[in-house]
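Working notes, beginning with the structure itself.
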Amino acid sequence: MPATLGDRTLFPSLTPKAYLNHAAISPPSSVVQDAVAACLRHYTEEGMGAFSTYLERREDLRADLAALVGAQPDEIGLAPNTSWGVVFAAMCFPWEKGDGVVVLDGEFPTNVTPWQQAAELYGLRIHRIRAADFCSPDPGKGLAQLETALRAGAKLIAVSAVQFQTGLRMPLMAISALTHRSGAAVFVDAIQACGVVPLDFERLGVDLAACGSHKWLMGLEGAGFIYVRRALGPQLRPRLAAWLSHQDGLGFLFDGPGHLRYDRPLKTDASVIEGGAYNTLGFVALQASVGLIRSLGVNTIYDHVQAYHDALEPKLSALGLTSLRSPSPGERSGVLSFDVPEAFEPTRLPERLAARGVSVALPDGRLRCAPHWPNALGEVDLVAGALEEAIAEATAG
Ligand SMILES: Cc1ncc(COP(=O)(O)O)c(C=O)c1O
């Protein structure tokens with residue numbers, strides 16, 4: 001059955017009436033469930049006999065993901081999650097002692113911790129800039145600080161395409177233009193953008209990226225990918241390599257005697273991260289969900305989600321919440337977040353809304369609404385009504 005905007009027929013058992021938690025974990029569609037069930041059945045029936053089918057499908061998925069993010073298939077490596085992709089980039093980047101790395105305040109911790117670890121290991125200097133300083137009203141403020149850091153020897157900036165809490169979309173093109181002028185590199189955590197915000201890594205000047213599949217890509221947890229710009233691949237130091245990171249790493253299992261060696265060259269593209277047995281079910285799920293997203297088109301999905309936000313934002317603002325949505329359309333994303341007055345007991349809001357059929361998140365105290373392609377605009381009144389009741393409950397006593 002094809003995916004249709006604003007139609008949740010492919011999610012027949014989804015309990016919440018308005019599911020606004022795609023920035024956390026998306027529920028699997030029936031298309032994803034069927035694909036996973038078929039793969040599991042195949043392995044159940046054939047064991048090792050099923051392996052080669054999914055080894056080949058890996059290449060199709062690589063091509064699908066490349067098409068989704070404006071990359072070439074050999075620039076995509078399949079990884080367990082975003083975090084492992086950040087760890088890979090932080091550990092394998094060709095650092096020299098004394099180099100700098102720029103991290104942003106406000107980021108999800110996974111885009112900070114590995115850089116801190118790399119700083120300790122390789123003797124790097126950490127530069128910190130507020131993520132919000134790259135956005136309205138004065139995006140130049142962040143860029144000026146970045147320029148200072150680059151002048152002081154920063155060799156890489158780690159930035160999320162979309163900030164997990166505020167939903168602010170970062171000006172990747174301006175960041176990469178400035179960064180490349182100094183010969184430094186741009187790493188992007190794409191998980192809050194990929195699948196809902198149009199991305200073209202080539203055009204945006206991204207050098208390295210990581211993404212997981214359980215949010216806007218609508219796959220399952222435990223499957224993701226990295227992007228390594230082709231020219232950068234050979235410069236990386238593959239410090240996290242394992243048996244399948246070698247060229248022809250599988251050959252010794254199938255090609256007869258005399259092929260067990262430890263000196264095969266390591267791969268120099270993104271697939272060097274695929275060092276061991278991998279999450280076949282998770283990647284089958286991802287391929288199915290990406291198929292649905294590509295059938296709709298990310299631009300179309302983005303417009304649909306913005307129309308949802310356009311309808312929801314004034315209603316929640318009228319109830320006393322403060323929208324964090326940027327006035328500049330280029331800084332918007334799939335996430336619509338609000339500051340909530342203390343009197344509305346923000347920490348109890350998700351539970352009170354869930355009791356009324358609305359699923360939302362509250363990262364670091366902000367109410368986060370994250371609709372995706374299956375959400376119908378007709379849900380908006382239900383969400384506003386549920387919030388009104390939740391506020392009434394909080395302020396009753
Ligand atoms: C911006 C951002 N990066 C990374 C993560 C974590 O990703 P993963 O669990 O795939 O490592 C999240 C949320 O869970 C996130 O919002």
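These figures come from a predicted structure and were not determined experimentally.
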**Shared hydrophobic cluster, I273 / L65 (ILVMFWY, side-chain heavy atoms < 4.5 Å)** = no

**Message:** If I compare all heavy atoms of A161 with all of A193, which pair ends up nearest, and what's the gap?
**Reply:** CB-CB, 3.7 Å

**Prompt:** In terms of hydrophobic clusters joined by side-chain contacts under 4.5 Å, are L260 and L244 together?
**Reply:** yes

**Item:** Any residue meeting salt bridge (charged side-chain N to carboxylate O under 4.0 Å, His left out) with D381, in chain and number order, not counting sequence neighbours
**Value:** K315

**Prompt:** Do the side chains of T53 and H42 get nearer than 4.5 Å, heavy atoms only?
**Reply:** yes

**Message:** Between M218 and W373, is there a side-chain heavy-atom distance shorter than 4.5 Å?
**Reply:** yes

**side-chain contact (heavy atoms from CB on, under 4.5 Å) assessment of S52 paired with F254** = CA-CA 12 Å; S52 61; F254 301 106; over 6 Å; no

**Prompt:** When hydrophobic residues are tied together by side-chain contacts of less than 4.5 Å, even through go-betweens, does V206 share a cluster with V103?
**Reply:** no

**Asked** If you round to the nearest 0.5 Å, how far is CD of E389 from CG of L319?
**Response** 11.0 Å

**Asked** Under 6.0 Å between ring centres, would you say that holds for F187 and F93?
**Response** no

**Message:** Could you work out, with side chain to side chain contact (heavy atoms under 4.5 Å, CB included) as the rule, every residue matching R261, not counting sequence neighbours?
**Reply:** D263, R264

**Message:** To the closest 0.5 Å, what do you measure between NE2 (H372) and CG (L5)?
**Reply:** 10.5 Å

**Request:** Could you state whether L250 and F252 fall into the same hydrophobic cluster, counting links through intermediate Ile, Leu, Val, Met, Phe, Trp or Tyr residues with side-chain heavy atoms under 4.5 angstrom apart?
**Result:** yes

**Request:** Just jot down the salt bridge (charged side-chain N to carboxylate O under 4.0 Å, His left out) partners of E46, sequence neighbours excluded, or say none.
**Result:** none

**Prompt:** When rounded to the nearest 0.5 angstrom, what is the spacing between CD in Q247 and CG in D269?
**Reply:** 8.5 Å

**Message:** Between Y308 and V380, is the side-chain contact (heavy atoms from CB on, under 4.5 Å) condition met? List the steps.
**Reply:** CA-CA 7 Å; Y308 195 108; V380 163; 4.0 Å; yes

**Asked** Under a 4.5 Å cut-off applied to non-hydrogen side-chain atoms, are P371 and E379 in contact?
**Response** no

**Prompt:** Nearest heavy-atom pair of L362 and P350: which atoms, and what distance?
**Reply:** CB-CG, 3.8 Å

**Item:** Residues V188, V159; criterion side-chain contact (heavy atoms from CB on, under 4.5 Å); working and verdict
**Value:** CA-CA 5 Å; V188 171; V159 52; 4.2 Å; yes

**Message:** Which residues pass the side chain to side chain donor-acceptor pair (under 3.5 Å) test with E313, not counting sequence neighbours?
**Reply:** S323, R325

**Message:** Restricting to side chain to side chain contact (heavy atoms under 4.5 Å, CB included), what partner residues turn up for A90, sequence neighbours left out?
**Reply:** P114, W115, A118

**Prompt:** Atom CG of L146 and atom CD1 of I157: how far apart are they, to the nearest 0.5 Å?
**Reply:** 4.5 Å

**Item:** Expected output: side-chain D105 to main-chain I129 donor-acceptor under 3.5 Å
**Value:** no

**Asked** Taking R332 for the side chain and S326 for the main chain, is one N or O donor matched with an acceptor at less than 3.5 Å?
**Response** yes

**Asked** Backbone N or O of L104 within a donor-acceptor pair of the E107 side chain at under 3.5 Å?
**Response** no

**Prompt:** Would you call R58-E274 a salt bridge at under 4.0 Å N-O?
**Reply:** yes

**Q306 side chain to S333 backbone, donor-acceptor under 3.5 Å** = yes

**Request:** Please list, chain by chain and in numerical order, all residues satisfying ring-ring contact (aromatic ring centres under 6.0 Å, His included) with H127, sequence neighbours excluded.
**Result:** none

**Partners meeting salt bridge (charged side-chain N to carboxylate O under 4.0 Å, His left out) with E147 (sequence neighbours left out)** = R151

**Message:** Please report the interatomic distance CE(M91) to CG(L240), rounded to the nearest 0.5 Å.
**Reply:** 7.5 Å

**Message:** Quick test of your reading: applying side-chain hydrogen bond (donor to acceptor under 3.5 Å, both in side chains), list the pairs with at least one residue in residues 130-140, sequence neighbours left out, ordered by first then second residue.
**Reply:** R130-D133, D133-Q145, S136-E331

**Prompt:** Okay, side chain of S29, backbone of V32: is any donor-acceptor separation there less than 3.5 Å?
**Reply:** yes

**Item:** Minimum side-chain heavy-atom gap L156-V186 below 4.5 Å
**Value:** no

Please table the atom pairs, donor to acceptor, closer than 3.5 Å between any side-chain atom in residues 281-289 and protein atoms at least two apart or in another chain.
residue, atom, partner, partner atom, Å
S289, OG, L217, O, 2.8
S289, OG, A285, O, 3.3
S289, OG, L286, O, 3.1

**Contact summary for S213 and L220, nearest pair of heavy atoms** = OG-O, 2.8 Å

**Request:** Would you check, one step at a time, whether the test side-chain contact (heavy atoms from CB on, under 4.5 Å) holds for E202 with Q72?
**Result:** CA-CA 9 Å; E202 169 72 34; Q72 299 303 316; over 6 Å; no

**Request:** Side-chain contact test, heavy atoms from C-beta onward, threshold under 4.5 Å: evaluate it for L266 versus H246 and give yes or no.
**Result:** yes

**Request:** Provide the full list of side-chain hydrogen bond (donor to acceptor under 3.5 Å, both in side chains) pairs with a residue in residues 78-103, sequence neighbours left out, each pair given once.
**Result:** S83-T110

**Item:** Smallest separation among heavy atoms of A384 and L316, with atom names
**Value:** CA-CD2, 4.0 Å

**Request:** Give, for atom NZ of K267 and atom CG of D248, the distance between the pair rounded to the nearest 0.5 Å.
**Result:** 9.5 Å

**Prompt:** Is a donor on one side and an acceptor on the other found under 3.5 Å between the side chain of D364 and the backbone of R366?
**Reply:** no

**Heavy-atom check, side chain of L321 versus side chain of L387, under 4.5 Å** = yes

**Asked** Are any non-hydrogen side-chain atoms of L143 and I175 less than 4.5 angstrom apart?
**Response** yes

**Prompt:** If you look at every heavy atom in P346 and P341, which pair is closest and at what distance?
**Reply:** CD-O, 3.7 Å

**Message:** Do R8 and Y19 form a cation-pi contact, if we require the NZ or CZ to be under 6.0 Å from the six-membered ring centre and within 45 degrees of the ring's axis?
**Reply:** no

**Prompt:** Any side-chain heavy atom of L253 sitting closer than 4.5 Å to one from W243?
**Reply:** yes

**Message:** Under a 4.0 Å threshold between the charged nitrogen and the carboxylate oxygen, would R352 count as salt-bridged to E345?
**Reply:** yes

**Asked** Is V290 linked to V36 within one hydrophobic cluster, defined over Ile, Leu, Val, Met, Phe, Trp and Tyr using a side-chain heavy-atom separation of less than 4.5 Å?
**Response** no

**Item:** side-chain hydrogen bond (donor to acceptor under 3.5 Å, both in side chains) partners of residues 215-233, not counting sequence neighbours, each pair once
**Value:** D74-R230, Q192-W216, D207-R229

**Asked** Sub-3.5 Å donor-acceptor pair from the side chain of S337 to the main-chain atoms of L324, do we have one?
**Response** no

**Asked** Would you find a donor on one side and an acceptor on the other, under 3.5 Å apart, between the side chain of Y302 and the backbone of G334?
**Response** no

**Message:** With a 3.5 Å distance limit and no angle check, can you tell me whether D303 reaches the backbone of T300 through a side-chain donor-acceptor pair?
**Reply:** no

**Asked** Who passes salt bridge (charged side-chain N to carboxylate O under 4.0 Å, His left out) against R239, sequence neighbours left out?
**Response** none

**Request:** Specify the closest pair of heavy atoms between H309 and P314, including all atoms of both residues, with the distance to one decimal.
**Result:** O-CD, 4.2 Å

